[in-house]
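Following: one structure in structure tokens, then a few remarks.
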Amino acid sequence: MDSDLSPQDKKDLDKFIKFFALKTVQVIVQARLGEKICTRSSSSPTGSDWFNLAIKDIPEVTHEAKKALAGQLPGIGRSMCVEISLKTSEGDSMELETWCLEMNEKCDKDIKVSYTVYNRLSVLLKSLLAITRVTPAYKLSRKQGHDYVILYRIYFGEVQLSGLGEGFQTVRVGVVGTPVGTVTLSCAYRTNLAFMSNRQFERSAPIMGIIVDHFVDPPCSSQRPANMGQPCNYRAPDEEDGGPFAGVQDSQEVCTTSFSTSPPSQSIHHNSAHVLLPQALHAGKEGGVVLVPAHPPHGTDAHLTVEHAPNTPGSSGDDDGLSQSGEGRRDEGRRSVSPSDPVESLNAFTRKVGAFVNKPSTQVTASLDLPFAAFAPRGLDSEENDPMVQPPDSPPCPSPLQASLHSQGSEGSGQQDDFVMVDFRPAFSKDDLLPMDLGTFYREFQNPPQLASLSLHISSQSMADDLDSLPEKLAVYEKNIDEFDAFVDMLQ
Amino acid sequence: MNCRSEVLEVTVEARQVEEAMLALLHTILLHRSTGKFHYKKEGTYSIGTVGTLDIDCDFIDFTFVRVSSEELDRVIRKAVSEFKDALNNSGSDGMGQISLEFYQKKKSRWPFSDECIPWEVWSIKVNVVNLANEQERQICREKVGEKLGEKVINVVEVINRHEYLPKMPTQSEVDNVFDTSLKDVQPYLYKITYQITDSLGTSVSTTMRRLIKDTLAL
């Protein structure tokens, strides 16, 4: 069969098929990364863009593909398959589709390898680009993230479609006839997306709790079971990152970049302008399968609440402590233990931080990672220190308050933290640069203490007392009845 | 040589017309464009690289791939936009057809003008429907996405039959086969035309628009 094919043709054809297989894998895996692909057209050929298409080479994917091929080429009975599967965060997995690059026996002897076959392979790759966006797994892969991820697996040999469930559909991407057989590219995809709950869990794979695992080197990456896929979430490492795969790019052979306009009947291979420079394959850098870390690990949520922050002693609460309100504020914000000193509770009262304040209290939030951390619900102060119940002493002097009062709203129990404090600007008041202006006055005396006689406890007490003492009083009044009458007469 | 003719039909909502047409036209053009040719001595040439771009549709659950060329995109968008306006202005029935024709130029001697010989014509028939409520629109989004997927598979199927393609031209002939006006890619010579059908089904206004640089008649 090969006798009709010149050695140069055979060599070219093998090279085309090999790089076609590698590019096919790249297109499929990149289409399942979950991102939109964008490459640029270039009017000057660079020599490394096989099939005149700008398809990036992810080194890890090339490595996996070469490993699967193990130096062979897709041939009759030896298909290269890319299996795309979905894995949930609970560890269940499901095969979604299998892309097969096969070769059958139907040969096209008359076709010109370096010209027609090459161009048709190029068209087939374009078709693959289009079809990979059409199968159902594309939409799934665009939405991958916390709930599930998309994995790929490359294998060589017999096509296995049993994992696709019942009623799977097949779409043929295209065929290209060559003198040694017909290259066929097709996709079998699952239509029954109901989850197979009886599928056994992967034996030694780590539990995929959250997406964090994916972006770091999993400790058991080199011992991954053969049927476990690679995640389709590669992000290109920085330029400086050599990685174990840096050498793979260099080893790529320069692809055909030059064509002849001579009529097809002439043999093109004898044309001296034909640029095909075979280079030795660079085998040195193939190390273990280390997943190059892509994103930095997603940080654990910054669950910083006031309670968790380290408890630093507050400001001493001295008289002049108020003027050091900057530092005091920070400590107040982090304080989770109730201040015992009443003056300190005044500090707590006056240092409540509000949003939209004139003087943004950056000192408070600087210590916490969360914005508006000061609004995080803090532990309720015990009642004895609640200024509403036990009013603070009157402020020692007005001036130290000026710096801090503008940022205040009323303190209270923790429930008031939920409200957004707006700076209080009473009508007709002057700009509050002056001490003790209207706003200040309002705030200061906004929550006056309850009148003693109005407090329930005391009033009920007095009522009881009154009732008790009533008979005595009546007796006294009766005794003095004459005096009362004289008094009334005097008034009239 | 016979001209290959393919017909695709889609039923869409008014606001989906533009994206549906772009998706199909770009898919076809992706397969019918190559990199820029650079001719060298001894009758050889090298071919530039074609980049690709994923485009998400806003009104359809669909993503298509187009050639990475802003110039080409502008030309196609302009044509589709004119088609869409014509559809809107034609009346409530909303049936029309947009055609993408690939042709070769054959130089004739003076005084005859060059001939344009089509070798492949794609006709996309559009049927515009009006939907009553948001739920129907949501269903339509998904359904039209699926339909477009089927159409893309149809397109790919036809193209991969590898039927007639013009021969690769020599440098002097390249403008008879390819549109060399773009900076970054080189599609086969093409033209886009459209027709609007009225409710009676007859072609009321056969509007021909030439959207590529034609060689002028004499």
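Numbered from 1 within each chain, the chains take letters A, B, ... in sequence-line order. Quick note: numbers below take in every heavy atom, side chains included, and nothing from hydrogens, waters or symmetry partners.
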As an exercise, state the distance from CD1 of Ile159(B) to NZ of Lys126(A), rounded to the nearest 0.5 Å. 9.0 Å

Identify the heavy atoms of Ser68(B) and Ser41(A) that sit nearest to each other, and give their distance. O-OG, 2.8 Å

Heavy-atom pairs under 4.5 Å with chain A are the metric here; pick the option from Val65(B), Thr34(B), Thr52(B), Val152(B) that has the most. Thr52(B)

Enter the distance from Arg120(A):CZ to Leu165(B):CG here, rounded to the nearest 0.5 Å. 7.5 Å

From the list Gln186(B), Lys36(B), His162(B), the residue making the most non-hydrogen contacts under 4.5 Å with chain A is His162(B)

Is Val175(A) in contact with chain B via its backbone, its side chain, both, or neither, using a 4.5 Å heavy-atom distance? both

Testing the basics here: between Lys139(A) and Asp61(B), what is the closest heavy-atom pair and its distance to 0.1 Å? CE-O, 3.4 Å

Can you list everything that forms a side-chain contact (heavy atoms from CB on, under 4.5 Å) with Thr49(B)? Sequence neighbours excluded, please. Ser42(A), Asp49(A), Ala54(A)

What's the verdict on salt bridge (Lys or Arg N to Asp or Glu O under 4.0 Å) for Asp54(B) and Arg133(A), showing C-alpha distance, side-chain angles and the deciding distance? CA-CA 9 Å; Asp54(B) 285 340; Arg133(A) 276 65 174 170; 2.8 Å; yes

Decide yes or no for Glu150(B) and Val134(A): does some side-chain heavy atom of the first lie under 4.5 Å from some side-chain heavy atom of the second? no

Closest approach of Asn52(A) to Ile47(B) (non-hydrogen atoms, all atoms of both residues): ND2-O, 3.4 Å

Check against salt bridge (Lys or Arg N to Asp or Glu O under 4.0 Å), Arg40(A) and Asp184(B): CA-CA 9 Å; Arg40(A) 297 185 62 179; Asp184(B) 39 15; over 6 Å; no

Rounded to the nearest 0.5 Å, the CG atom of Leu182(B) sits from the OG atom of Ser43(A) at a distance of 11.5 Å

Measure distances from Val185(B) to the heavy atoms of chain A and classify the residue's part below 4.5 Å as side chain, backbone, both or neither. side chain

Tabulate, in ascending numerical order, the residues of residues 7-32 of chain B having at least one heavy atom closer than 4.5 Å to a heavy atom of chain A, or enter 'none'. Thr27(B), Leu30(B), His31(B)

Regarding Ser127(A) and Asn160(B), do their side chains bring together a donor and an acceptor under 3.5 Å, going by distance alone? yes

